[in-house]
Amino acid sequence: MATISPLAGKPVAPSRLIDVAKLTTAYYDLKPDPRITAQRVTFGTSGHRGSPLQTGFNEAHILAISQAICEYRAAAGIDGPLYIGIDTHAISKPALASALEVFAANGVDVFIDAQDGYTPTPVISHAILTYNKGRTSGLADGVVLTPSHNPPEDGGYKYNPPHGGPADTGITRTIERAANDFLASGLAGVRRIPYEQALRAACVHRHDYITPYVADLGSVLDMAAIRASGVKIGIDPLGGAAVAYWQPIIERYGIDATVVSDVVDPTFSFMTADWDGQIRMDCSSPYAMGRLIEAGRTFDVAFANDTDADRHGIVAGSDGLMNPNHYLATAIAYLFANRPGWSPQAAVGKTVVSSSMIDRVAARLGRRLVEVPVGFKWFVDGLIDGSFGFAGEESAGASFLRTDGTAWTTDKDGIILGLLAAEMTARTEHNPGVAYRDLTAELGTPYYARIDAPATAAQKSLLKSLSAEQVGLQDLAGEPIRATLTRAPGNDAEIGGLKIVTDNGWFAARPSGTEDVYKIYAESFVSEDHLHRIQHEAADAISSLFAAQEGSG
């Protein structure tokens with residue numbers, strides 16, 4: 001089980017804050033060695049991430065990735081605008097400068113924020129889809145420089161192709177391979193011009209991202225109901241990219257909302273420490289969300305976003321911070337009952353490690369459930385064609401259709417999930433926490449948790465490539481097993497681990513892509529004790545597989 005740090009939930013001592021100047025110097029001065037795995041370009045489920053201090057996210061990485069994207073665009077025939085946004089991490093602006101030097105040198109039409117501000121991930125997705133609507137050529141794509149909720153010393157680089165959502169593994173492998181070739185060649189072949197020249201280039205354009213996104217919110221949410229109800233809303237951007245979006249939203253729609261803080265500080269000194277004592281802008285963590293949980297008692301409903309605003313955290317008044325799975329289930333129940341413009345065939349999309357409460361809600365609604373592997377990329381096609389009304393994952397990321405049943409974004413949108421909590425409160429006259437309790441009274445109470453356990457590279461490789469036959473379990477926590485899955489039932493794609501299901505519980509085990517651990521997700525509809533039994537039996541089963549591997553070696 002994870003050990004909670006004594007620093008969790010407390011203000012961070014000034015001595016533990018990042019040195020922004022040192023971080024920036026490392027970004028420019030440290031040179032990655034592509035022979036070292038940790039210093040290569042690696043695209044995970046949310047792009048390439050790393051810290052300049054560990055030579056994992058440095059100028060050379062950004063130059064190489066940007067040139068690789070230029071070459072991918074040329075090969076794929078993508079010649080429309082490239083929308084680019086950044087979050088408030090300290091290294092995002094230097095990374096933007098490096099990327100612009102390459103994009104401008106390659107003649108790519110790049111659109112940057114008109115005020116040199118920050119742009120949330122969902123706003124980039126929305127801009128791509130809006131531009132591409134009705135077009136068959138000259139399509140747009142986008143880049144977001146963000147490591148999401150990761151610590152202040154990290155940087156990140158995400159690419160969204162013309163469908164507006166996260167790039168699939170075929171695209172990211174192509175970009176990753178080309179970027180690492182550039183690193184290995186000492187950046188030979190990377191085209192680049194000085195930053196000041198790039199800013200003056202005819203292909204670099206200033207763009208108002210805020211107005212079109214804000215003006216369009218009425219097509220996906222009942223903003224009039226929120227205004228008319230007078231529901232009192234608290235909003236905390238957590239010093240992230242949505243910081244400049246909330247006041248225009250409040251003013252345009254006349255809602256009774258208060259931004260509890262608009263401070264932007266690249267050290268994130270205003271945060272309370274996460275469970276392990278680190279600064280992490282995780283809006284689903286009760287430790288990181290201490291400020292809004294306390295302030296939330298004065299509002300009918302409150303919410304926060306992570307640094308690039310693709311995740312949401314919902315504070316339901318005195319009910320406190322909602323578990324992400326609980327809110328997803330509640331949002332699904334509400335939306336499918338209150339969106340008559342959606343197709344009767346529109347399905348519920350969830351990841352294999354999300355709560356089975358979602359399954360029960362979908363069954364009650366008579367809606368098809370589509371269960372896919374971890375990663376929002378699996379939802380893109382369904383959101384584009386309207387066959388998914390809602391798509392979400394357990395890590396507090398989701399999006400849903402416009403009221404007319406067409407696509408809003410194909411990437412996670414924490415802004416609309418927060419405002420949805422206000423709409424629910426306005427139209428039902430109780431907050432989502434109350435709505436969730438009503439669901440449990442009808443469908444049962446789930447007990448859900450995730451734990452991390454150590455794993456070597458060989459063990460992680462074994463776990464990723466398991467077959468159902470290798471597991472061999474007949475029962476779990478006193479119940480017969482009715483499914484042993486290594487492929488997702490919704491699309492038959494590999495889970496990259498396994499999931500074992502009984503009538504009243506399940507567990508899934510997956511290797512981490514960035515750390516020497518594997519993750520056990522588990523849930524019980526019986527009790528907390530039953531959940532712990534599932535967790536222990538899951539850990540024992542995985543340990544036995546690891547031991548058998550070592551014995552055969």
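Note that this is a predicted model, so its numbers are computed, not measured. For the numbers below, each heavy atom of this structure counts, side chains included, while hydrogens, waters and symmetry mates do not.
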Taking Thr272 for the side chain and Tyr287 for the main chain, is one N or O donor matched with an acceptor at less than 3.5 Å? yes

Tell me whether the centres of the aromatic rings in Phe111 and Phe103 are closer together than 6.0 Å. no

Check: Thr410 side chain, His163 main-chain N or O, donor-acceptor pair, under 3.5 Å: yes

Tell me whether Asn132 contacts the main-chain N or O of Arg135 through its side chain, where contact means a donor paired with an acceptor under 3.5 Å. no

Measuring only between side-chain heavy atoms, which start at C-beta, is Tyr213 closer than 4.5 Å to Tyr245? yes

Please tell me whether Tyr327 and His312 form a close aromatic pair, meaning their ring centres lie under 6.0 Å apart. yes

Counting N and O atoms only, with roles assigned by atom type, does the side chain of Ser98 sit under 3.5 Å from a partner on the main chain of Ile62, one being a donor and the other an acceptor? no

Please report the interatomic distance CD1(Ile112) to CG(Leu100), rounded to the nearest 0.5 Å. 5.5 Å

Hey, is CZ on Arg173 packed in by over 12 heavy atoms from elsewhere, all under 6.0 Å? no

Test Tyr83 against every option in Ile124, Val110, Thr119 by the side-chain contact (heavy atoms from CB on, under 4.5 Å) rule and name the one that passes. Ile124

If you measure from the Lys or Arg side-chain nitrogens to the Asp or Glu carboxylate oxygens, is any gap between Glu394 and Lys350 under 4.0 Å? no

Sub-6.0 Å ring centroid separation between His326 and Tyr448: no

Would you say the side chain of Tyr118 lies within less than 4.5 Å of the side chain of Tyr209, judging by non-hydrogen atoms? no

Between Leu183 and Val41, is any pair of side-chain heavy atoms under 4.5 Å apart? yes

